[in-house]
Amino acid sequence: MKRKFCLLIVLTLIFTTIFTGCKNSGDKAEIKVLNYGQYIDKTLLTEFEDKYNVKIIYDIYPAPEDMYTKVKAGGTDYDVIITGEYMIERMINEGMLAKLDYDNIPNFEFVDEKFKNQPYDSNNEYAVPYFWGTLGLLYNTKAVTEKVDSWDILWNEKYANRILMMDSQRDTMAVAFKKLGYSLNSTNEQELKEVKQLLLMQKPLVMAYVVDEALAMMIAEEADIALIWSSEAASAMGSNENLNYIIPKEGSNIWIDAMCVPATSSHKKEAELFINFMTSKESTLKNIDELWYSTVHTEAVKEVEEFLFDNPAFNPSDEDVKRTEMFRDLIDEIKVYNKLWTEVIAD
Amino acid sequence: MKNKAKLLTYPYIVWMGLFIILPVLLVFLYSITFNEINNIKTISFTINNYKMFFTPVYIQVTLRSIYLAALSTIICLALGYPIAMIIANSKMTSKSILLLLFILPMWMNMLLRTYAWMTILGNNGLINTLLANLGLPTLNLLYNNGAVILGMVYNFIPFMVLPIYTTLSKMDNSLIEVSEDLGANKVQTFIKVIFPLSLPGVISGIIMVFMPAVSSFVIPKLLGGGKDALIGTLIEKLFSLGDWNFGSAVSIVMMFIILLSMAVMNRFDVDKEGGAGLW
């Protein structure tokens, strides 16, 4: 009996050590970067490695919530995370991020004042903006001949089964909030009730709730109107000239993706070096060239190619931007949003 | 000697404990608590997750999943049985080619095959382009329950055909000859002899199709357009939103649905040859 027990313990130990893996420690410093998929010009990574003799381990995640779950669960040792502002706010609130040492990030001065000291990080202590964008409507001018300037078109029966909404509760709910004239961070019970009603009313007209598929579907003219992020709209418009992007007059959402350093990072200095490198004009231009995302860089924006600069998705008017609102971390209230959204798609 | 053979089972017992029993227990623990379960001191139990599940909205999701899975299973059986008979009765050489052709698509990634259906069914897809060129009105084929059922039938039909084919080809031919000698016609032979004898294959076919169909999440997500949640997509949604507790409760309920359906099928499986013998 005793022998059996020993054997069980030994085997358990073997299994657990196999799956924890081994740590590789060379003389080269090493940083781990966690980013969305397809959100960097990868040649920049090797450029950084060669220039500073630092090895980069690059990892990607599908959605901010997945990233959060992974990092929160512990056991990870990322040094730089690039993610959305509301997620950064949540991580700041939970003490998961380290304060940055701006002496190591001189390029921070090139970040447009518009994007500094935003509510998610009010004294800009934790995160350096990477790209920004808006939420709006991408529509096919061949199919939609009327003037598009309002979210109301998403409730127009003429476009039944030709409308793409987002399978991302905050974005889709933001539309309903704005259409009703409320804040997109509202936690007012009555307002949430109205939002749910509105989304349920719209559901029969919706072709599908998607996230990543919208871009390809709009290019292929599978749908007429899509709720979409400006960054994706810009690249869709580059591939199909019938497409146009607008930010509806009722207002919309503005987002900033930023680079931050987790409190658990063991190579903070190299992490800051990386952030500084990514914020340089040359890196930013390279990244823009690859991604077509709106830049926060005051110098790089002057050298953006004209076709991109004139694109309303890449460079929306100040007036449009004024009507936008940023997502805030809702802390526990997010559960109410989650419940509402699951009930909408379950109905 | 016998003892040594016993030793060989330990790795599997450890494996089972670590990767099957422990995770199920953890899922169960999540389902009866709220918030984190990392800290023993602050752990707090509740049955609210289950209470919430038994509200009309989520019951509707469950019924919708069972309905779609059952319908897919019936279609698979209706299509699969004749196919299995054709393969079992064909000549040796063509038999292996037919079988190969049947299994060949399964060598390809399921996600890829499902994406292929999206380009076939889409508004500007193969079928609608054809219809438009013929001057016919186009149809909304993608992003509805029909597309989900089609995807399930397409993906799961080999699981129906193969077990039926196995029982049919194992069948003792003399029994069929006896039936014919005694004056039964083809239809009678099929109803009284062939079909009852192939029942174990049918049962395991039904289970092998119904189980993945009721819990499937990729197919409804891609072909259903995320509109009408099924139990599989609901669980995925809840976990990605971070509501592990309610998500776990839904998973446990789904396990019970599958166990229950296996128990029901077990009643019909006299020989215990099908997968229902697991029960």
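In what follows, every chain begins at residue 1, and chains take the letters A, B, ... in the order their sequences are listed.
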I'd like to know whether R162(A) forms a side chain to side chain contact (heavy atoms under 4.5 Å, CB included) with E222(A), so could you lay out the CA-CA distance, the side-chain angles of the two residues, the decisive distance to 0.1 Å, and finally the verdict. CA-CA 8 Å; R162(A) 309 287 301 175; E222(A) 283 279 321; over 6 Å; no
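- Contact annotation for D243(B): neither backbone nor side-chain heavy atoms come within less than 4.5 Å of a heavy atom of chain A.
- In this structure a side-chain-to-backbone donor-acceptor pair under 3.5 Å is missing from N240(A) to A220(A).
- A 6.0 Å sphere centred on CD of Q60(B) holds more than 12 heavy atoms belonging to other residues, nucleotides or ligands.
- Contact count against chain B (heavy-atom pairs under 4.5 Å) is highest for M207(A) among E213(A), E221(A), E65(A), M207(A).
- Taking the ring centre of Y120(A) as origin, the terminal cationic atom of R328(A) falls outside the region bounded by 6.0 Å and 45° from the ring axis.
- Side chain of N140(A) to backbone of D224(A): no donor-acceptor contact under 3.5 angstrom is found.
- None of I21(B), L29(B), V27(B) except one satisfies the side-chain contact (heavy atoms from CB on, under 4.5 Å) rule with L25(B); the exception is I21(B).
- For a heavy-atom cut-off of 4.5 Å, chain A lies close to K221(B), L222(B), G225(B), G226(B), K227(B), D228(B), A229(B), L234(B), K237(B), L238(B), S240(B), L241(B) in residues 216-241 of chain B.
- Only the side chain of K335(A) has a heavy atom closer than 4.5 Å to any heavy atom of chain B.
- When heavy atoms are compared at a cutoff of 4.5 Å, M217(A) approaches chain B solely by way of its side chain, counted from C-beta outward.
- For the options T342(A), V344(A), L164(A), heavy-atom pairs under 4.5 Å to chain B are most numerous at T342(A).
- Remark: K193(A) NZ is loosely packed, at most 12 non-hydrogen atoms of other residues, nucleotides or ligands lying under 6.0 Å away.
- Y78(A) and K70(A) share a side-chain donor-acceptor pair at under 3.5 Å.
- Counting heavy-atom pairs under 4.5 Å between each of N161(A), T69(A), V210(A) and chain B puts N161(A) at the top.
- At a 4.5 Å heavy-atom cutoff, the contact between Y58(B) and chain A is made by side-chain atoms alone.
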- [ ] Take M262(B) and M265(B), measure what side chain to side chain contact (heavy atoms under 4.5 Å, CB included) needs, and give me the verdict at the end.
- [x] CA-CA 5 Å; M262(B) 279 171 70; M265(B) 294 318 287; 5.7 Å; no
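- Counting heavy-atom pairs under 4.5 Å between each of K72(A), M165(A), E343(A) and chain B puts E343(A) at the top.
- None of L34(A), I60(A), I88(A), N35(A) except one satisfies the side-chain contact (heavy atoms from CB on, under 4.5 Å) rule with I82(A); the exception is N35(A).
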